[in-house]
Amino acid sequence: MLKNRIRPIAVAVIKKGDKIFVGDGYDEIKKEKFYRLMGGGIKFRETALQALKREFREEFAAELINIKLLGIVENLFVFEGEHGHEIAYIYAADFKDPKMYEEKEYKVLDSRINSYAQWIEHDSSTRIYPKIAGGLIN
């Protein structure tokens, strides 16, 4: 996480029936399990849409289709005791390859840690970040 900087990100809501595609996380200080929409940072001179497509190619070797901007949210948060600030472009999308809907868990290919994404059922008690994203998922 970049200290004292606003991080622009692009993430996707991808659905499979009542399930959505997310990465899982845990805050050791808060003792909180949470989920995060997949995507990542926007690079300088890259549009949010370009970043979203790039991130899914890098992380899952996957292409996205039917991409539609749902909204842009400002996300102020504390993770592991550190304050964070993101501007999140949240998109609806589908995987181009139907095989991406078959597996239960996916290894994130370009992660520095052993990171996975998965399909989870979404309800009002599920913590999904960016925090306001829950309202855009339904």
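Every residue meeting the salt bridge (charged side-chain N to carboxylate O under 4.0 Å, His left out) condition with Glu58, not counting sequence neighbours, appears here in chain and number order: Arg54. Residues that satisfy the side-chain contact (heavy atoms from CB on, under 4.5 Å) test with Ala62, not counting sequence neighbours, are Phe60, Phe95, Met100. Looking at residues two or more places apart in sequence or on another chain, you find a side-chain contact (heavy atoms from CB on, under 4.5 Å) between Leu76 and His85. The ring-ring contact (aromatic ring centres under 6.0 Å, His included) test applied to Tyr35 returns no partner, not counting sequence neighbours. In this view, Glu59 satisfies the side-chain hydrogen bond (donor to acceptor under 3.5 Å, both in side chains) rule with no residue, not counting sequence neighbours.
Around the NZ atom of Lys104, the shell of radius 6.0 Å holds no more than 12 heavy atoms that belong to other residues, nucleotides or ligands. Environment of NZ in Lys96: sparse, with no more than 12 heavy atoms of neighbouring residues, nucleotides or ligands closer than 6.0 Å.
The distance from the CZ atom of Phe79 to the CZ atom of Arg36 is 9.5 Å, given to the nearest 0.5 Å. Rounded to the nearest 0.5 Å, atoms CD1 (Ile42) and OG1 (Thr47) are 8.0 Å apart. The distance from atom CD1 of Ile72 to atom CD1 of Ile9, rounded to the nearest 0.5 Å, is 12.0 Å. Atom CG of Leu70 and atom CG of Leu37 lie 9.5 Å apart (nearest 0.5 Å). Atom-to-atom distance recorded for Ile128:CD1 and His122:NE2 is 4.0 Å, nearest 0.5 angstrom. Taking CD1 from Ile6 and CG from Asn75, the interatomic distance works out to 12.0 Å, rounded to the nearest 0.5 Å.
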Which pairs of donor and acceptor atoms, one on a side chain in residues 19-28, lie under 3.5 Å apart (sequence neighbours left out)?
unit_1: Asp27; atom_1: OD1; unit_2: Ile29; atom_2: N; d: 2.9
unit_1: Asp27; atom_1: OD1; unit_2: Lys30; atom_2: N; d: 3.0
unit_1: Asp27; atom_1: OD2; unit_2: Glu80; atom_2: N; d: 2.8

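Between Tyr101 and Asp94, some side-chain heavy-atom pair lies under the 4.5 Å cut-off. Put simply, the side chain of Glu55 does not reach to within 4.5 Å of the side chain of Val11, judged on heavy atoms. The closest side-chain heavy-atom distance from Arg127 to Lys33 is not below 4.5 Å. A 4.5 Å side-chain heavy-atom check between Lys53 and Ile67 finds at least one atom pair inside the cut-off. Looking at heavy atoms from C-beta onward, Glu86 lies out of side-chain contact with Glu74 at the 4.5 angstrom threshold.
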Can you check side chain to side chain contact (heavy atoms under 4.5 Å, CB included) on Leu64 and Tyr91, steps first, answer last?
CA-CA 11 Å; Leu64 297 177; Tyr91 291 89; over 6 Å; no
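For the residue pair Ala10 and Ala51, the shortest heavy atom distance occurs at CB-CB, 4.4 Å. Nearest heavy atom pair, residue Ile90 against residue Pro130, reads CD1-CG, 4.5 Å. Nearest heavy-atom pair, Met38 versus Phe56, reported as atom, atom and distance to 0.1 Å: O-CE1, 3.5 Å.
Both cation-pi conditions hold for Lys107 and Tyr116: the charged atom is under 6.0 angstrom from the six-membered ring centre and inside a 45 degree cone around its axis.
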